[in-house]
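To start, the structure itself, in structure tokens.
In what follows, chains carry the letters A, B, and so on, assigned in the order in which the sequence lines appear, proteins first and then strands, with residues in each chain numbered from 1.
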Amino acid sequence: MLDKEARIDWLVKRVAQEFKTGDVVNLGIGIPTRVANALPEGIKIILQSENGYMGVGPVPEAGKEDPDTVNAGGQYATILPGGCSFDSAMSFAIIRGGHVDATVLGALQVDEDGNLASWMIPGKMVPGMGGAMDLVVGARRVIVAMEHAAKNGGIKVLKKCTLPLTASRQVNLIVTDMGVIEVTPKGLVLREIAPGLTFAEVQACTEAILLTPESEIVEV
Amino acid sequence: MTKVIRLEEAISKIENGMTIMVGGFIGCGAPSQLLEEVCRKQVKELTLIANDTGILGDAMSQLIVQRCVNKLIATHIGTNKETGRQMSAGELEVKLIPQGTLVEQIRAAGAGLGGILTPTGIGTLVEEGKQKLVVNDTEYLLELPVRANVALLNAYKADKAGNLVYRRAARNFNPLMATAADTVIAQVDRIVEVGEIDPDEVMTPGIFVDYLVQKQPREVSSVG
């Protein structure tokens with residue numbers, strides 16, 4: 001089995017294979033942000049930042065930070081040539097209106113119906129939903145990119161989310177450091193398994209029943 | 001008519017107990033000097049409408065730290081731990097709203113609409129207590145307009161007619177809030193004469209803006 005950093009690298013690279021040139025993509029904070037630097041050779045996507053611009057570029061060099069150009073996490077960012085800035089209403093028209101091809105975001109929990117919980121743990125952590133609810137409802141594809149297990153070892157891929165939802169039945173794909181899981185009407189299909197792991201090992205860390213791609217094909 | 005006024009006079013328009021809306025996104029595009037003056041004057045019992053409450057230490061965060069606010073309507077408070085602490089302790093009433101919903105509620109208020117229909121929040125805690133409507137087989141939440149007594153904005157450039165130009169990601173909620181408050185005050189980096197901004201460049205028409213305040217350059221550390 002790969003070490004932790006290599007497993008996260010695998011997951012980031014795997015998410016990056018989900019796009020085609022020209023896709024408009026919104027990347028969440030943390031692991032999703034790293035996808036921008038892992039795109040396959042020749043694939044060029046357009047990154048949207050929900051605080052109000054298109055064409056998110058690399059982190060600026062030291063000394064060249066512009067206080068008016070930050071990403072949705074508040075960190076210094078750049079806008080690529082051909083990019084554009086806009087107000088929050090336009091930003092969410094782009095997001096909610098179905099003009100974003102994919103959104104990649106982390107999760108606290110995700111379940112076999114494609115429900116996502118990512119914005120609060122009652123009584124413990126209530127940061128707010130920010131733009132996440134609109135992104136998950138509005139983007140054409142919702143990709144959850146996260147470590148398969150919680151930091152305390154808790155299970156995150158469940159039969160049914162127990163935390164308050166960010167949105168109901170919107171997740172299409174779950175990419176973790178253990179594998180790639182597609183949300184289908186029949187349930188969760190484990191399409192790929194991370195190097196060095198077995199189906200049984202992934203299932204052992206997952207509450208929802210995982211289907212194999214073969215079992216999905218069998219029609220009654 | 002738009003007037004250029006001093007910082008102190010601008011903030012005297014805000015009274016205890018008022019509802020204010022403040023532009024900015026985690027500090028970017030927030031009217032820092034207007035907010036510092038609100039804190040310095042110790043205006044109290046405000047209802048604050050803003051995307052977030054800044055990062056602990058910045059001007060926005062100080063509104064919360066210095067207890068100028070007793071009710072907050074925001075989308076995200078995770079970057080200012082004091083907001084979460086006051087909320088958990090029952091000292092601050094907090095209403096969290098999806099970002100795309102809050103911006104449309106403000107836009108609706110400014111545009112004379114009775115509300116907006118959004119699919120965001122369906123099947124979540126956000127739908128509690130709200131009217132649902134089905135339009136063309138899709139379920140939506142009815143979200144009502146949100147307006148304020150005073151809007152505090154930040155712009156990069158203004159002419160003396162109040163026309164505003166914003167820069168990059170500092171635009172965010174500012175142009176929407178300009179339309180949805182009884183009194184609109186903008187802190188501006190550069191105030192120029194009428195005619196010096198091309199009409200096509202204007203992002204907020206001057207008719208929305210009541211007062212302009214020249215942003216003061218920060219004092220640099222003493223020389224010699």
Side-chain angles (χ1 to χ4, degrees), chain A residues 29 49-53 56 66-79 83-98 113 115-120 122-138 161 163-170, chain B residues 23-29 51-55 58 72 74-81 83-84 87-88 94-104 106-108 110-111 118-127 154 156 166-178 189 203-204:
Chain A
I29 305 302
S49 193
E50 69 263 28
N51 54 325
Y53 58 100
V56 180
D66 171 5
D68 290 338
T69 309
V70 302
N71 64 21
Q75 286 130 349
Y76 289 118
T78 54
I79 305 179
C84 56
S85 43
F86 33 77
D87 65 42
S88 298
M90 173 61 82
S91 186
F92 282 86
I94 290 167
I95 288 167
R96 211 191 306 93
D113 289 323
N115 294 317
L116 169 70
S118 65
W119 72 282
M120 71 177 286
K124 267 194 185 165
M125 182 196 85
V126 191
M129 66 292 277
M133 285 191 176
D134 299 281
L135 278 160
V136 173
V137 166
C161 290
L163 293 171
L165 296 185
T166 306
S168 160
R169 296 176 179 270
Q170 295 290 340
Chain B
F25 193 109
I26 320 183
C28 179
N51 180 64
D52 57 79
T53 50
I55 299 176
D58 71 10
L72 170 69
T75 84
H76 193 273
I77 57 172
T79 52
N80 179 350
K81 286 197 165 44
T83 308
M87 177 176 72
S88 301
V94 178
K95 198 170 162 191
L96 290 165
I97 298 187
Q99 205 167 107
T101 298
L102 181 61
V103 75
E104 284 299 308
I106 294 166
R107 194 184 67 83
T118 178
T120 303
I122 291 279
T124 76
L125 293 178
V126 170
E127 71 173 35
N154 176 78
Y156 163 63
Y166 310 95
R167 246 193 110 246
R168 307 288 190 263
R171 193 178 332 181
N172 55 67
F173 278 73
N174 284 293
L176 288 309
M177 290 177 169
D189 284 292
M203 296 173 182
T204 289

Using a 4.5 Å cut-off on heavy atoms from C-beta on, say whether the side chain of I26(B) contacts that of V70(A). no
Between the side chain of R96(A) and the main-chain N/O of T118(B), is any donor-acceptor distance below 3.5 Å? no
Measure distances from M87(B) to the heavy atoms of chain A and classify the residue's part below 4.5 Å as side chain, backbone, both or neither. side chain
If you tally heavy-atom pairs under 4.5 Å against chain A, which of A74(B), G84(B), P119(B) wins? P119(B)
Heavy atoms only, distances under 4.5 angstrom: which of D87(A), T69(A), T166(A) has the most pairs with chain B? Name it, please. D87(A)
What is the distance from atom CD of E127(B) to atom OG of S168(A), rounded to the nearest 0.5 Å? 9.0 Å
Using a 4.5 angstrom heavy-atom cutoff, name the option from I55(B), D52(B), N174(B), T124(B) with the most pairs to chain A. T124(B)
Side chains of D66(A) and R167(B): does their closest heavy-atom pair fall under 4.5 Å? yes
Answer with side chain, backbone, both or neither: which region of Q170(A) has an atom nearer than 4.5 Å to a non-hydrogen atom of chain B? neither
Under 4.5 Å heavy-atom distance to chain B, tell me which part of S49(A) shows up: side chain, backbone, both or neither. neither
Shortest non-hydrogen contact between R107(B) and A89(A), atoms and distance: CD-CB, 4.2 Å
Can you tell which part of I95(A) gets under 4.5 Å to a heavy atom of chain B, answering side chain, backbone, both or neither? neither
Contact leader toward chain A among A169(B), G123(B), G121(B), S88(B), where contacts are heavy-atom pairs under 4.5 Å: A169(B)
Let's test your reading of the structure: which of G131(A), A167(A), S88(A) forms the most heavy-atom pairs below 4.5 Å with chain B? S88(A)
Flag the pair T120(B) / F92(A) as yes when at least one side-chain heavy-atom distance between them is below 4.5 Å, and no otherwise. no
Quick check on side chain to side chain contact (heavy atoms under 4.5 Å, CB included): which of T101(B), I122(B), T75(B), V126(B) does M133(A) satisfy it with? V126(B)
For R168(B), check salt bridge (charged side-chain N to carboxylate O under 4.0 Å, His left out) against everything at least two apart and list the hits. none
Output the option from N172(B), L102(B), I77(B), N154(B) having the highest count of non-hydrogen pairs under 4.5 Å with chain A. N172(B)
OH-CZ distance between Y53(A) and R171(B), expressed to the nearest 0.5 angstrom: 13.5 Å
Hey, does the side chain of D134(A) reach the backbone of G100(B) with a donor-acceptor pair shorter than 3.5 angstrom? yes
Examine whether an atom of P98(B) lies under 4.5 Å from a heavy atom of chain A, and if so say whether it belongs to the side chain, the backbone or both; otherwise answer neither. both
Show the nearest heavy-atom pair for residues C28(B) and P67(A), with the distance to one decimal. SG-O, 3.5 Å
Flag yes if more than 12 heavy atoms outside M203(B) fall under 6.0 Å of its CE atom; otherwise flag no. yes
Hey, does M120(A) have a side-chain heavy atom less than 4.5 Å from the side chain of L125(B)? yes
